[in-house]
There are 2 protein chains.
Amino acid sequence: MSLAFAMDDGRTARPASLLADVISRQGAPARFAANEELYAQDDQVELLFLVQRGVVRTTRLTLEGRRQVGGFYYPGDILGLETGPLHRFGAEALSEAELCVARRASVRAFAGDTELDRAVLDATRLELERAQSHMLMLGLKNARGKVGAFLLSMAGAGGPMFELAMSRQDMADYLGLTIETVSRTLSQLQNEALVEFPSARLFRLPRRDALEAFAA
Amino acid sequence: MSLAFAMDDGRTARPASLLADVISRQGAPARFAANEELYAQDDQVELLFLVQRGVVRTTRLTLEGRRQVGGFYYPGDILGLETGPLHRFGAEALSEAELCVARRASVRAFAGDTELDRAVLDATRLELERAQSHMLMLGLKNARGKVGAFLLSMAGAGGPMFELAMSRQDMADYLGLTIETVSRTLSQLQNEALVEFPSARLFRLPRRDALEAFAA
DNA sequence: CGAGGGATTGATACGTCTCAAAGCATGTGG
DNA sequence: CCACATGCTTTGAGACGTATCAATCCCTCG
């Protein structure tokens, strides 16, 4: 993509963690096509993934066919830290992605190494923080607040232009809304000049403070 | 409370964990009155709590005064494992409660003890599982599903009669609903004979399978 | 140029919230 | 023992927000 102005995916890679280091040293590189599955919901947990390029989403499907997106994972993020022996969420690449894949067992071979234990704990804490924030958003905010907060989180600290890696459907399933409500809310925010969409996946936040006032 | 039939609070104490052991050995007993605060949202994290009797709820308040209940903690549950230096949720005793309180530092004094590190990780994983389940419930279920699932989770494996430790307002703030919607939904389930409420805090589930059919 | 998939917009139905009143327990003082 | 006050719960009527179903638009790609 070539743009005449600075563009930003809104996410800078996380500060390198020890666990990320171990995975990238112990693991093997892997490439996934758009929409390719890293692992399925209810699969056995065996691997740890470090995102190096692209974006990955985690999803959970219900029996009735409803879908909840658990989160979006950017370069530097780690997938595969689970609470049980099975994956509670499946994972798919949003677009072509490069990851580093390590067997859990080979990381566990380091067990007893206090540093590494600590790194796994820290990474798990990050997951917990992510889940708690998500829970608060779903429980406390209306559509306007959800969409606004989502834009802010996708914008991060960069600027002035940001790219959305995911479709409206992904956004909707992450926010617990329908695609129509997401679209309408975005249009409404655009009418109020709180956001500009040069195209469906590209946006600017000309009044970030006004967004933060109701979506923070 | 004396009842002529078996009654159950629906929660059996969790299988003793190593971390719970350490807290109960290292810590000091503490008693809290109903509605007394264990710690406040945004307080510095310093202590670990093991519930021994009674029930504790964690809550987060927004600037606009809305409240989200993060969870309910029963005997055997541990509070105070946080993702950052500050408490993201406050904690209050629902009714008179006995806890065991240990300084984080004195638990950390065991650091390097691989077993203990592992125990902290496991406890953090439990929190993660709790938060993820909560997130899924908020994102995927309607009022009927939320209330039904809540009753099932409060009932646990015991039976046939269960006690609710929390008010309708606590339930509502946990489920992301209003107190009126919770009350109406409970009345509706009662009309369908999916639940019986001899009193507001006591209930029976005569057709648990029928509940599970839509609330699982 | 036409086909296809994602996104937007419109009309309407439905679910949940809001505001208000009534019901029901529990405890207190007369 | 009754009368009342208090707090929690339930019920009702109407407003509001989001979902649903359907049509149109837009962009990309062949």
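What you see is a predicted model, and the numbers here were worked out from it, not measured in a lab. Each chain gets a letter, A, B and so on, in the order the sequences are listed, and its residues count up from 1.
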* Asked: Is the Tyr174(B) ring parallel, tilted or perpendicular to the Phe150(B) ring (thresholds 30°, 60°)?
  -> tilted
Separation of [X] atom [atom1] from [N] atom [atom2], in whole Å?
X	N	atom1	atom2	value
Arg201(A)	dC26(D)	CZ	C1'	14 Å
Gln188(B)	dG12(D)	CD	P	13 Å
Asn142(B)	dA13(C)	CG	C1'	15 Å
Leu202(A)	dA7(C)	CG	P	14 Å

* Output yes when at least one side-chain N/O atom of Ser183(B) is less than 4.0 Å from OP1 or OP2 of dT10(D), else no. => yes
* Asked: Do Arg208(A)'s NZ or CZ and the ring of Phe162(A) fall within the cation-pi criteria of under 6.0 Å and 45°?
  -> no
* Closer to the 5' end of DNA chain C via nearest nucleotide, is it Ala200(A) or Arg184(A)? -> Ala200(A)
* To do: Flag the pair Glu98(A) and Arg31(A) as a salt bridge only when some basic side-chain nitrogen lies within less than 4.0 angstrom of an acidic carboxylate oxygen.
  => yes
* Could one point to a donor on the side chain of Gln169(B) or the base of dC8(D) with an acceptor on the other under 3.5 Å away? -> no
* Which comes earlier along DNA chain D counting from the 5' end, the contact point of Arg168(B) or that of Thr178(A), where each point is its nearest nucleotide? -> Arg168(B)
* To do: Would you mind classifying the nucleic acid contact of Leu177(B) as base, sugar-phosphate or nothing, using non-hydrogen atoms under 4.0 angstrom?
  => sugar-phosphate
